[in-house]
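Both counts, for ligands and for their atoms, begin at 1 and track the order of listing.
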Amino acid sequence: MTFQDQEFLDRDPRIARVLIGSVDLQRRVTELGREVSAEYTSEDPPILVSILKGGVVFLADLIRSMTVAHEIDFMAVSSYTGQNTTGVVKINMDLQASITDRHVLIVEDIVDTGLTLTHLLELLSARKPKSVRVCALLNKVDARRKEVRIDHTGFDIPDEFVIGYGLDYNEHYRNLPFIGVLRG
Ligand code: 5GP
């Protein structure tokens, strides 16, 4: 843990602990940038689709370690998941770019039940892209209700509510430089 991580922790007693410190986080994100870059060529650059708002911090760091040409675009979705439903994703803000005949990389902050990502994949695939891959920073493997393919994962994490590095609790904590767990 860095001095800065500790400062954030000391300042707010509601943060129970650091799950992934900023140094480990940055190291893995840099690796992911290189991993992802190896899948594409600059002659046929991918569109990185970031899901607002949680995914923006990850995207911002990821693209700074990418070595292949790419574009970025944003989408805002909300998912409604009733107890026995499979969930439906509503688009609150759509992409600006057309993804038809383009390589698409969905950049997600976290995959939990997998419902949001499953619907997003269906939705984007219907627009006939050349390919759709998924890069997720965090993967709650034990919380999965819908099996979904993640091509690049940052970290597998336990089924706990996490905050920081873009992820919020009631719009707070997105600025934390680490992934933390709130006090229960
Ligand atoms: P899923 O559809 O996979 O269950 O959940 C996807 C969305 O739920 C994520 O993109 C994220 O917005 C939210 N989410 C799931 N788990 C967490 C968590 O531990 N912390 C926060 N802040 N959001 C979460």
For ligand 1, which atoms have a heavy atom of Glu160 less than 4.0 angstrom away?
19 (O)
Cluster partners of Val23, using ILVMFWY side-chain heavy atoms under 4.5 angstrom, listed by chain and number?
none
Identify, by atom number and element, the atoms of ligand 1 in contact range of Glu108, meaning under 4.0 Å from any of its heavy atoms.
10 (O)
Tyr40: what forms a ring pair (Phe, Tyr, Trp, His ring centres under 6.0 Å) with it, not counting sequence neighbours?
His103
Keeping the roles fixed (side chain from Arg64, backbone from Ala60), state whether a donor-acceptor pair exists under 3.5 Å.
yes
Interatomic distance, Phe58 atom CZ to Ile51 atom CD1 [nearest 0.5 angstrom]
12.0 Å
Would one find an N or O of Leu167, backbone or side chain, under 3.5 Å from an N or O of ligand 1?
no
Can you name the atoms of ligand 1, numbered from 1 with element, that are less than 4.0 Å from a heavy atom of Gly114?
1 (P), 3 (O), 4 (O)
If you measure from atom 10 (O) of ligand 1 to every heavy atom of Asp109, Leu52, Thr116, which option wins on shortest distance?
Asp109
Nearest to atom 13 (C) of ligand 1 by heavy atom, Ile110, Ile51, Leu117: which?
Ile110
Please determine whether any non-hydrogen atom of Ile163 lies less than 4.0 Å from an atom of ligand 1.
no
At less than 4.0 angstrom from any non-hydrogen atom of Lys140, what atoms of ligand 1 do you find?
16 (N), 17 (C), 18 (C), 19 (O)
Roughly how far, to the nearest 0.5 Å, is the OG atom of Ser22 from the CD atom of Gln6?
11.5 Å
Among Leu176, Asn175, Leu137, Ile20, the one residue meeting side chain to side chain contact (heavy atoms under 4.5 Å, CB included) with Tyr165:
Leu137
Is there at least one pair of N or O atoms, one from Val162 and one from ligand 1, spaced under 3.5 Å apart?
yes
Begin from the C-alpha positions of Arg127 and Asp94 and carry the test salt bridge (charged side-chain N to carboxylate O under 4.0 Å, His left out) through to its verdict.
CA-CA 12 Å; Arg127 298 181 187 182; Asp94 207 343; 2.9 Å; yes
